[in-house]
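First up is the structure itself, then whatever we jot down about it.
Computed over heavy atoms, backbone and side chain alike; hydrogens, waters and symmetry mates excluded. Given the structure is predicted, the values throughout are model-derived calculations rather than measurements.
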Amino acid sequence: MYKNVPLVLHMMTVDNYNFSGKKALVRVDFNVPLDANFSITDDTRIKAALPTINKLLKDGASVILMSHLGRPKEGPSEKYSLKHIVPQLSSLLGRPVIFAKDCIGSSAEKAALGLKPGEVLLLENLRFHKEEEKGDEGFAKKLAELSLGNSPENGFYVNDAFGTAHRAHASTAVIAKFFSGKKCFGYLMSSELTSADRLLHGAEHPFTAILGGAKVSDKILILEQLIAKADNIIIGGGMAFTFIKARGG
């Protein structure tokens, strides 16, 4: 299907490392839909993160997972608590998942400090703190210290949240600066980047691109790349209304 595809160079993934004895802080995307009873109605995003988590656990790492859920406006709320994810995540991993009632502070620090190899800790919703979306460096440092702690040589950061990687948030972009030489992508992230690279540089024609989502601002850079490469571009989702408006609708 693809011809003359340039490789994505210098992309370090979890396959480049052995995580035995490491405390891996993993940014995942567990922004899953919940019904009125807080039951998960689609666990696709959780399942997508399992290969990376299982690789870390197989190597002998202790794993700290962090994610956002929804768009909380006024701090912590029952509706957006990641505690609702714990039963399904535990079932999928085949082991109990420890839950911290916050993503920073004493509860998170205590849980992270006591985490043993083979154990999994899920932090509370990152967006309960406004500093997350602001890309606050101090907040990012507090998150990083959950992994680095008293043994910086064993700390490691893994980004496997492709759906949020385009935003310069504390847990996705800013935090990486605290893990010099000890950071990489998970399987989901590396797979998506490789696929995007193939599409942008080696797709055969006719080539039709389909884009969706709520906010066109998140997709502008991708659209600019695709305009010169795709034969057709189909736009759906909420962002379609921006184009309808621009055309006089």
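A side-chain contact (heavy atoms from CB on, under 4.5 Å) with C184 holds for exactly one of D160, D15, V14; it is V14.
Residues L34 and I40 meet the side-chain proximity criterion, which asks for heavy atoms closer than 4.5 Å. In this structure the side chain of E109 reaches within 4.5 angstrom of the side chain of L146, judged on heavy atoms. No side-chain heavy atom of L188 sits under 4.5 Å from any side-chain heavy atom of D29. Using a 4.5 Å heavy-atom cutoff, the side chains of T13 and K55 are not in contact.
Separating the CG atom in N159 from the OG1 atom in T52 is a distance of 10.0 Å, to the nearest 0.5 Å. The CG atom of L25 lies 3.5 Å from the CE atom of M66; values are rounded to the nearest 0.5 Å. With rounding to the nearest 0.5 Å, the separation of NZ in K183 from OH in Y17 is 9.5 Å. Remark: I85 CD1 to F30 CZ distance equals 7.5 Å, nearest 0.5 Å.
When every heavy atom of K22 is checked against every heavy atom of N18, the shortest pair comes out as CG-O, 4.3 Å.
More than 12 heavy atoms of other residues, nucleotides or ligands lie within 6.0 Å of CD in E153, so this atom counts as buried by the packing criterion. Around NZ of K141, the count of heavy atoms belonging to other residues, nucleotides or ligands within 6.0 Å does not exceed 12. The neighbour count for D42 CG, taken as heavy atoms of other residues, nucleotides or ligands under 6.0 Å away, is above 12. Atom NZ of K142 sits in a sparse spot, with 12 or fewer heavy atoms from other residues, nucleotides or ligands closer than 6.0 Å.
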Could you tabulate the donor-acceptor pairs under 3.5 Å formed by side-chain atoms of residues 92-105, not counting sequence neighbours?
unit_1: R95; atom_1: NH1; unit_2: G118; atom_2: O; d: 2.7
unit_1: D102; atom_1: OD1; unit_2: H129; atom_2: NE2; d: 2.7

Show me the side-chain donor-acceptor pairs of residues 171-178 shorter than 3.5 Å, one per line, residues at least two apart or across chains.
unit_1: S171; atom_1: OG; unit_2: R27; atom_2: NE; d: 2.7
unit_1: S171; atom_1: OG; unit_2: E132; atom_2: OE1; d: 3.3
unit_1: S171; atom_1: OG; unit_2: E132; atom_2: OE2; d: 2.7
unit_1: T172; atom_1: OG1; unit_2: R167; atom_2: O; d: 2.8
unit_1: T172; atom_1: OG1; unit_2: H169; atom_2: N; d: 3.3
unit_1: T172; atom_1: OG1; unit_2: H169; atom_2: O; d: 3.3
unit_1: K177; atom_1: NZ; unit_2: E137; atom_2: OE1; d: 3.1
unit_1: K177; atom_1: NZ; unit_2: E137; atom_2: OE2; d: 3.3

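In terms of the ring pair (Phe, Tyr, Trp, His ring centres under 6.0 Å) criterion, residue partners of F38 (sequence neighbours excluded) are, by chain and number, H84.
Cluster annotation: V120 is not connected to I64 through the hydrophobic network of ILVMFWY side chains, with a link wherever side-chain heavy atoms come within less than 4.5 Å.
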